[in-house]
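Heads up: numbering here begins at 1 and tracks the sequence. Nothing here was measured: the structure is a model prediction, and the numbers come from that model.
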Amino acid sequence: MSLKEIRNADYTILLCRNLKETRSFYKDIMGFPLEADMETWVSFRVGATLLTLRPRGANPVWDDGPAEAGAASVQLAFRVPPPAVDACHTELLAKGVPILREPTDLPDWRHRTLFFRDPEGNVIEIYAEY
């Protein structure tokens, strides 16, 4: 076995200053189904992968330290069918989510994209290929 055996990403962990608020965002705003819901570990099923939240700070292996205010740690991109980008935009606005960039066509990428942030400041992209 070697690193060449890796075939997919199983889960992504987002480090959170405010786990409760971020949990609510992914559950109530994004509508992702809960897979595990513990005090210090929350996982959502997103297709074949898990999006997991845990508190920022010390753990048995390392200490994450503080996050820079206003700086994104990651950009998450979620692919949807082409008509869904604009529908997601409308739904996010109705839920009071500030939008970084409204639906925009990027011809060089053949993508229609929409950008916003989660409560931790991470950049979320919803996109469709065309």
Side-chain angles (χ1 to χ4, degrees):
M1 301 300 274
S2 72
L3 295 173
K4 293 178 182 174
E5 301 298 318
I6 297 171
R7 296 290 181 256
N8 64 330
D10 187 54
Y11 61 93
T12 299
I13 299 173
L14 298 181
L15 308 175
C16 302
R17 290 182 304 266
N18 187 329
L19 184 65
K20 183 178 178 181
E21 181 182 15
T22 307
R23 176 196 178 278
S24 177
F25 176 84
Y26 284 102
K27 180 180 177 292
D28 301 331
I29 301 293
M30 298 300 290
F32 295 156
L34 279 165
E35 181 90 1
D37 193 6
M38 297 174 269
E39 186 176 335
T40 61
W41 187 269
V42 179
S43 291
F44 298 93
R45 177 63 57 189
V46 184
T49 63
L50 292 175
L51 177 62
T52 301
L53 313 175
R54 76 161 181 79
R56 179 173 283 285
N59 71 60
V61 181
W62 67 85
D63 186 339
D64 305 319
E68 289 291 322
S73 295
V74 299
Q75 175 179 331
L76 297 173
F78 299 105
R79 185 170 47 185
V80 298
V85 174
D86 291 280
C88 290
H89 179 244
T90 300
E91 187 175 341
L92 290 164
L93 287 174
K95 293 179 178 183
V97 176
I99 303 299
L100 294 175
R101 185 169 72 189
E102 62 188 25
T104 304
D105 288 327
L106 303 175
D108 290 345
W109 293 92
R110 296 185 55 211
H111 283 184
R112 183 159 180 77
T113 63
L114 161 66
F115 290 92
F116 54 101
R117 290 185 185 266
D118 74 6
E120 296 295 326
N122 298 307
V123 174
I124 310 289
E125 175 185 8
I126 295 179
Y127 78 99
E129 294 179 336
Y130 60 86

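Using a 4.0 Å cut-off between charged side-chain N and carboxylate O, Lys95 and Asp28 make no salt bridge.
Taking 4.5 Å as the limit, some side-chain heavy atom of Asp37 sits within range of a side-chain heavy atom of Arg23. Using a 4.5 Å cut-off on side-chain heavy atoms (C-beta onward), Leu14 and Tyr26 make contact. Side-chain contact check for Leu106 versus Tyr127: every heavy-atom pair is 4.5 Å or farther apart. Proximity of Ser43 to Phe32: side-chain heavy atoms (C-beta onward) are nowhere separated by under 4.5 Å. With a 4.5 Å cut-off on side-chain heavy atoms, Phe25 and Glu120 do not count as touching. The side-chain heavy atoms of Arg112 and Thr104, taken from C-beta on, include no pair separated by under 4.5 Å. Within the 4.5 Å cutoff, side-chain heavy atoms of Asp64 are placed close to those of Arg54. Residues Ile29 and Val97 meet the side-chain proximity criterion, which asks for heavy atoms closer than 4.5 Å.
What you find for Asp118 and Ile124 is that their closest heavy atoms are N-CG1, 4.0 Å. Of all heavy-atom pairs spanning Phe116 and Pro98, the tightest one is CB-O, 3.4 Å. Scanning both residues, Gly57 and Asp63, for their nearest heavy atoms gives C-OD1, 3.4 Å. Between Glu129 and Pro82, the shortest heavy-atom contact is O-CG, 3.5 Å. Closest of all the heavy-atom pairs between Ser73 and Asn122 is N-OD1, 3.3 Å. The nearest pair of heavy atoms linking Pro103 to Leu114 is CD-CD1, 4.0 Å.
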Let me see the working for Leu51 and Leu76 under side chain to side chain contact (heavy atoms under 4.5 Å, CB included), right down to the final yes or no. CA-CA 10 Å; Leu51 177 62; Leu76 297 173; 4.0 Å; yes
Chi angles and distances behind the side chain to side chain contact (heavy atoms under 4.5 Å, CB included) call for Thr49, Thr12: CA-CA 8 Å; Thr49 63; Thr12 299; over 6 Å; no
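Hydrophobic clustering keeps Trp62 apart from Leu19 (ILVMFWY residues linked when any side-chain heavy atoms are closer than 4.5 Å, directly or through intermediates). No single ILVMFWY cluster, assembled from side-chain heavy atoms under 4.5 Å apart, contains both Leu53 and Ile13. Residues Val46 and Leu34 fall within the same hydrophobic cluster, defined by Ile, Leu, Val, Met, Phe, Trp and Tyr side chains chained together at heavy-atom separations under 4.5 Å. Val85 and Leu93 fall within the same hydrophobic cluster, where Ile, Leu, Val, Met, Phe, Trp and Tyr residues are linked whenever their side-chain heavy atoms come under 4.5 Å apart, directly or through other members.
Taken from CD in Gln75 to CZ in Arg117, the straight-line distance is 10.0 Å, to the nearest 0.5 Å. One finds the CZ atom of Arg17 at 7.0 Å from the CZ atom of Arg56 (value rounded to the nearest 0.5 Å). The line from CE of Met30 to CZ of Phe44 is 10.5 Å long, rounded to the nearest 0.5 Å.
Under the 3.5 Å distance criterion, the side-chain polar atoms of Ser24 are left unmatched by any main-chain donor or acceptor of Lys20. Between the Asn59 side chain and the Val61 main chain, a donor and an acceptor come within less than 3.5 Å of each other.
Residue Tyr11 qualifies as open at atom OH: its count of foreign heavy atoms under 6.0 Å is 12 or below. Dense packing is recorded around CH2 of Trp41, with more than 12 heavy atoms of other residues, nucleotides or ligands lying under 6.0 Å away. Other residues, nucleotides and ligands place no more than 12 heavy atoms under 6.0 Å from the CZ atom of Arg79.
Looking only at atom types and distance, the side chain of Glu125 has no donor-acceptor partner in the side chain of Thr113 under 3.5 Å away.
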